[in-house]
Amino acid sequence: MENIKVMSVFGTRPEAIKMCPLVKELQTRPEIESLVCVTAQHREMLDQVLQAFQVTPDYDLDIMEPSQTLMRITAKVLEGMGGVLEQAKPDLVLVHGDTSTTFVAALASFYAKVKVGHVEAGLRTYDKYSPFPEEMNRTLTGDIADLHFAPTRANAENLRRENITKNVYVTGNTVIDALSTTVQHPYTFACSRLNQIDYDKEQVILLTAHRRENYGEPFQNIMDAARRVAQEQPGVRIVYPVHLSPYVQQMARDNLGDIPNVELVEPLGVVDMHNLMERVTLVMTDSGGIQEEAPSLGKPVLVLRRETERPEAVAAGTVRMAGVERDAIAQMALTLLRDPAEYRKMAQAVNPYGDGQASRRIADAILYAFGRTEQPPEDFAATAES
Ligand code: UD1
Ligand code: UDP
C-alpha cells in the first residue's frame, strides 16, 4: 500500500510552534510521507521556530512583505499554493488555527480537490470582527476541512453547533506538546539581558501585544496601562518582546522606550520565551498561544482583549479578561502585584488545553481516517476527565 502523503502548511510563528511537534510525530510514522510547505507569511519569526525545532521545509513560498495587507497575503498564498499542490500532489493538507495562511491554504487545497485537516479546530468567539480576521479565517477553514482536530471538548461542541459532526477528533492542543520539550532547569537565555534578572527576588511582568483588532485606541490604552504599572510600582520590571510588525514596533518604542523598568527586546526564540514565561510573576498578553501556555506553567494571565475563544483557563481561574481600557488593565495588574492572596488565587497550574500527547492523537486519527487502522484515536477529553 502507498504511503499517505501529508503536507503540513504554515506561515506564522504561532502556527510553526504548534505544527513542528506534529511534523516531528508524522516523520516517525512508517505509513506517512511527511512534507512541509511554509508560506513565510512571517520570515524571521518563522525561521526562529524552524531552527529551534530543526524542521526544514520542502517548499517555501517566501511571501512576506513589510506592513503587508490581508489582500496581498491572500493573493500571494493562493497563487503560490496552486503551484505547490500541483507539484507535490498530497493526499492531505494540514493547516493550523486561524491565520490568513490557514484559510488560504485550505481554500487552495479545496480548489485542487485535496483533503484538508484542520489542527486547532473549533475555537470561536462568534464575533466576526474580533479577533479580526481570525474568527472568519477559522470558521471558513472549518467549512472546508475534511478532518477536524479540536483541542478541547468545548471546541468540538462549537463545531457540532455548526453541523460539523463527521471526523471530529478531540486531541488536546499541540502547544502543550511543544512546551513539554522546551522548558529546562537550569537555563541560560540566548537573549543575554534576560540572564541579568533575578527572578526569585524581582517582580517581573511578561508583556506581549500584537493583534490587528487592537490597532488604534485599544493598543494605545495597553501601552498607557503598561506605562502606569511601571511608574506606580517602581520595583516591577516589564519585559516586552516586541513583535516585528512596524506598527507594533513604533507603538512600543514611542510609548515605552524611555521607561527604565520596561525592557523592550527583540522577538524571543521560542525556547527563551517558554523559559522566561516559566520564571516571571505575571503575564499580560493579547496573544492566543500564550493564553494556553502560561496556565500550564501556573502563571496568572491578564488578557488584553474584550473576548476570548479560550474560556477554559478563565473558568479555571488562572486567566482573567482585562479588556482594553487603560485604568482597568493597570488596576488589575497592580492588585496582583500588591495582594499576595489575590495572586495566589490565580497562580495555579491548570492544563485544560492538553497533556503533551496531541500530536500522537492527530497522527493516529489520520491513520484511522485513511483506513490504515481500525483503532480510533484516544480522546483527549475522555482522558482528561478520567
Ligand atoms: C499574523 C496573523 C495573526 C497571528 C500573528 C501571530 C493574519 C492575518 N494574522 O498577524 O492571526 O496572531 O500573525 O504573530 O494571518 N514582520 C516581520 N518579520 C516577521 C513577522 C512579521 O517583519 O517575521 C512584520 C512585517 O512587516 C509584516 C508585519 O510584521 O508585514 C505583519 O505580519 P502579518 O503576518 O501580516 O500580521 P501579524 O500581526 O503578524
Ligand atoms: N512567542 C515567542 N517569542 C516571542 C513572543 C511569543 O516564541 O517573542 C511564542 C509564544 O510563546 C507562543 C507564540 O509565540 O507560543 C504566540 O505567538 P503570537 O503571540 O505571535 O500569536 P498568537 O498566538 O496570538 O496567534
Side-chain angles (χ1 to χ4, degrees), residues 10-21 38-53 62-74 76-77 95-105 120 123 131-138 141 173-179 182-183 189-191 194 206-215 219 239-250 252 264-278 280 283 285-294 296-297 299 301 303-305 308-310 353:
F10 48 91
T12 66
R13 169 174 65 193
E15 294 166 84
I17 292 171
K18 292 166 161 182
M19 286 297 265
C20 282
V38 295
T39 64
Q41 177 180 332
H42 286 173
R43 187 72 271 173
E44 302 89 327
M45 287 159 53
L46 171 74
D47 292 343
Q48 278 182 326
V49 183
L50 293 173
Q51 208 180 2
F53 287 98
D62 198 22
I63 67 148
M64 197 193 85
E65 297 170 2
S67 301
Q68 60 205 0
T69 63
L70 300 178
M71 314 299 170
R72 284 291 285 178
I73 303 171
T74 303
K76 289 177 88 171
V77 173
V95 294
H96 178 278
D98 55 20
T99 71
S100 293
T101 285
T102 313
F103 163 55
V104 183
E120 198 175 279
L123 281 69
F132 174 83
E134 291 82 4
E135 178 71 5
M136 194 49 74
N137 283 343
R138 62 193 170 210
T141 304
N173 197 309
T174 55
V175 79
I176 309 297
D177 303 15
L179 201 57
T182 49
V183 176
F189 291 97
C191 172
L194 301 180
L206 168 62
L207 170 68
T208 83
H210 73 83
R211 305 217 72 83
R212 267 184 165 80
E213 78 271 11
N214 278 344
Y215 284 13
F219 214 98
V239 179
Y240 181 4
V242 187
H243 189 293
L244 292 178
S245 149
Y247 175 83
V248 177
Q249 289 269 323
Q250 185 166 358
L264 302 181
V265 295
E266 294 290 306
L268 295 173
V270 58
V271 183
D272 264 10
M273 183 64 175
H274 287 175
N275 282 284
L276 176 63
M277 209 181 293
E278 214 252 343
V280 297
V283 176
T285 190
D286 67 0
S287 161
I290 295 172
Q291 278 181 66
E292 296 155 342
E293 293 163 342
S296 97
L297 297 169
K299 299 301 170 175
V301 181
V303 174
L304 308 171
R305 290 171 54 184
T308 183
E309 57 292 280
R310 295 170 170 88
Y353 301 113

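One-based numbering, in listed order, for ligands and for the atoms of each. In this chain, residues are counted from 1 in sequence order.
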Provide, to 0.1 Å, the distance between [atom] and the closest protein heavy atom, together with that atom's residue and name.
atom	value
atom 21 (C) of ligand 1	His42 CD2, 3.7 Å
atom 22 (O) of ligand 1	Met64 CE, 3.4 Å
atom 3 (C) of ligand 1	Glu134 OE2, 3.1 Å
atom 28 (C) of ligand 1	Ser245 CA, 3.9 Å
atom 25 (O) of ligand 2	Pro14 CG, 3.4 Å
atom 24 (C) of ligand 1	Leu244 O, 3.5 Å
atom 35 (O) of ligand 1	Gln68 NE2, 3.0 Å
atom 7 (C) of ligand 1	Gln41 NE2, 3.3 Å
atom 12 (O) of ligand 1	His210 CE1, 3.0 Å

Quick one: does [X] get a heavy atom under 4.0 Å from ligand 2?
X	value
Arg211	yes
Thr208	no
Met277	yes

Ligand 1 N/O within reach of [X] N/O, cut-off under 3.5 Å:
X	value
Arg13	no
Ser67	yes
Arg212	yes
Met45	yes
Thr12	no

Within reach of ligand 1, part of [X] (heavy-atom separation under 4.0 Å):
X	value
Pro267	neither
Leu70	side chain
Glu44	both
Glu65	backbone
Val248	neither

Given side chains that start at C-beta, do those of Met277 and Val183 come closer than 4.5 Å, heavy atoms only?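 Contact flag for Met277/Val183 side chains = no.
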Per-atom contacts, ligand 1 versus Ile73 - under 4.0 Å to a heavy atom: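 Here the atoms of ligand 1 in question are 35 (O).
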So if I count the atoms of ligand 1 from 1 in the order they appear, which ones are less than 4.0 Å from some heavy atom of Arg211?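 Near Arg211, meaning under 4.0 Å from one of its heavy atoms, ligand 1 has 12 (O).
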Can you tell me if Gln48 uses its side chain to pair, donor with acceptor, with the backbone of Pro267 under 3.5 Å?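 Looks like yes, one N/O pair under 3.5 Å.
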Under 3.5 Å, is there a donor-acceptor pair between the side chain of Asp272 and the main chain of Ala190?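 Flag set: sc Asp272 to bb Ala190 pair under 3.5 Å.
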Can a donor-acceptor pair be found between the side chains of Ser100 and Thr74 at a distance below 3.5 Å?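 No, no side-chain donor-acceptor pair sits under 3.5 Å.
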Does any donor atom in the side chain of Thr208 or Ser287 lie under 3.5 Å from an acceptor atom in the other side chain?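 On atom types as modelled, these side chains do not qualify, holding no pair under 3.5 Å.
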Geometry only, no angles: is [X] polar-contacting ligand 2 at N/O separations under 3.5 Å?
X	result
Val175	no
Leu268	yes
Asp286	no

For [atom], tell me which residue out of [options] has the closest non-hydrogen atom.
atom	options	value
atom 11 (O) of ligand 2	Glu293, Arg310, His210	Glu293
atom 7 (O) of ligand 2	Leu244, Val265, Leu276, Val270	Val270
atom 6 (C) of ligand 1	Gly289, Gly11, Pro246, Pro14	Pro14

Quick one: do Glu15 and Lys18 make a salt bridge, cutoff under 4.0 Å?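 No, this pair does not count.
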Could you see which bit of Ser287 sits under 4.0 Å from ligand 2, with heavy atoms only: side chain, backbone, both or neither?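 Within the 4.0 Å criterion, Ser287 contacts ligand 2 through backbone and side-chain atoms alike.
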With sequence neighbours left out, what residues match Met64 under side-chain contact (heavy atoms from CB on, under 4.5 Å)?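 For Met64, the residues satisfying side-chain contact (heavy atoms from CB on, under 4.5 Å) (neighbours in sequence not counted) are Arg43, Glu44, Gln68.
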Greater than 12 external heavy atoms within 6.0 Å of Glu65's CD: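 More than 12 within 6.0 Å, yes.
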